[in-house]
Amino acid sequence: QVQLVESGGGLVQPGGSLRLSCAASGSDFSINDMGWYRQAPGKQREFVARISSGASTYYTDRVKGRFTISRDNAKNTVYLQMNGLKSEDTAVYFCNYIPNRSWGQGTQVTVSS
């Protein structure tokens with residue numbers, strides 16, 4: 001069973017920054033694409049960003065230019081650097097393999113003054 005452990009969330013003011021981390025189990029981490037997703041209250045989970053095994057990156061238009069996804073294959077970890085946070089970024093953030101496997105608990109990000 002794959003384990004995904006997200007961390008780094010918290011309460012931040014609008015315009016602030018956070019860096020999320022996701023530690024993944026599995027011996028095939030380095031050869032798989034990884035993604036970040038988020039789920040706001042009362043809404044469906046949505047795609048945020050993706051990084052390929054070759055480190056190519058893709059973003060939803062909502063975060064392009066503000067968020068940066070990266071990975072460290074030696075640590076089986078994927079990161080999401082979030083700058084210029086807005087209230088609409090408030091959500092529980094999840095990472096997962098692509099194609100998706102079992103989900104972790106996520107980490108709460110709240111953007112509020």
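- When all heavy atoms are compared, the tightest approach of Ser25 to Tyr97 is O-OH, 2.6 Å.
- At a threshold of 4.5 Å between non-hydrogen side-chain atoms, the residues Gln39 and Tyr93 do not count as touching.
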Chi angles and distances behind the salt bridge (Lys or Arg N to Asp or Glu O under 4.0 Å) call for Arg62, Glu88: CA-CA 10 Å; Arg62 294 185 178 186; Glu88 52 261 46; over 6 Å; no
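- A donor-acceptor distance shorter than 3.5 angstrom exists from the side chain of Trp36 to the backbone of Tyr79, with no hydrogens or angles considered.
- A 4.5 Å side-chain heavy-atom check between Thr77 and Met34 finds every atom pair outside the cut-off.
- Tyr59 places a side-chain N or O within donor-acceptor distance of the main-chain N or O of Ile69, the cut-off being under 3.5 Å.
- Between Thr90 and Gln108, the closest side-chain pair of non-hydrogen atoms falls below 4.5 Å.
- Checking side-chain atoms of Asn96 against main-chain N and O of Arg101 turns up a donor-acceptor pair under 3.5 Å.
- Remark: Asp61 does not engage Arg66 in a salt bridge, criterion side-chain N to carboxylate O under 4.0 Å.
- Within the 3.5 Å criterion, the main-chain N or O of Gly54 finds no donor-acceptor partner in the side chain of Ser56.
- Ser52 places a side-chain N or O within 3.5 Å of a backbone atom of Ala55 that can act as its donor or acceptor partner.
- Atom CD of Gln3 has 12 or fewer heavy atoms from other residues, nucleotides or ligands within 6.0 Å.
- By the 6.0 Å contact criterion, CD on Gln81 is enclosed, its count of non-hydrogen atoms from other residues, nucleotides or ligands being greater than 12.
- Looking at Thr68 and Leu80, their side chains never come closer than 4.5 Å, going by heavy atoms from C-beta outward.
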Side chain to side chain contact (heavy atoms under 4.5 Å, CB included) assessment of Leu18 paired with Val109: CA-CA 9 Å; Leu18 283 174; Val109 172; 3.9 Å; yes
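- In this model, a donor atom of one side chain and an acceptor atom of the other lie less than 3.5 Å apart for Ser17 and Asn83.
- Transitive grouping of hydrophobic side chains (ILVMFWY, heavy atoms separated by less than 4.5 Å) keeps Leu20 and Phe47 in distinct clusters.
- By the 4.5 Å heavy-atom criterion applied to side chains, Val63 and Met82 are not counted as neighbours.
- There is no side-chain donor-acceptor pair under 3.5 Å between Arg50 and Tyr58.
- At a threshold of 4.5 Å between non-hydrogen side-chain atoms, the residues Val92 and Thr107 do not count as touching.
- Between the side chain of Asp33 and the main chain of Ser53, a donor-acceptor pair closer than 3.5 Å is present.
- For the atom pair Arg38 CZ and Gln44 CD, the distance stands at 14.5 Å (nearest 0.5 Å).
- For an aromatic pair to be called close, the ring centres must be under 6.0 Å apart, and Trp103 with Tyr37 satisfies this.
- No donor-acceptor distance shorter than 3.5 angstrom exists from the side chain of Gln105 to the backbone of Glu6, with no hydrogens or angles considered.
- Side-chain N or O atoms of Asn32 include none that pairs as donor or acceptor with a backbone N or O of Phe29 at under 3.5 Å.
- Taking hydrophobic clusters as Ile, Leu, Val, Met, Phe, Trp and Tyr residues chained together by side-chain heavy-atom distances below 4.5 Å, Phe67 does not share a cluster with Phe94.
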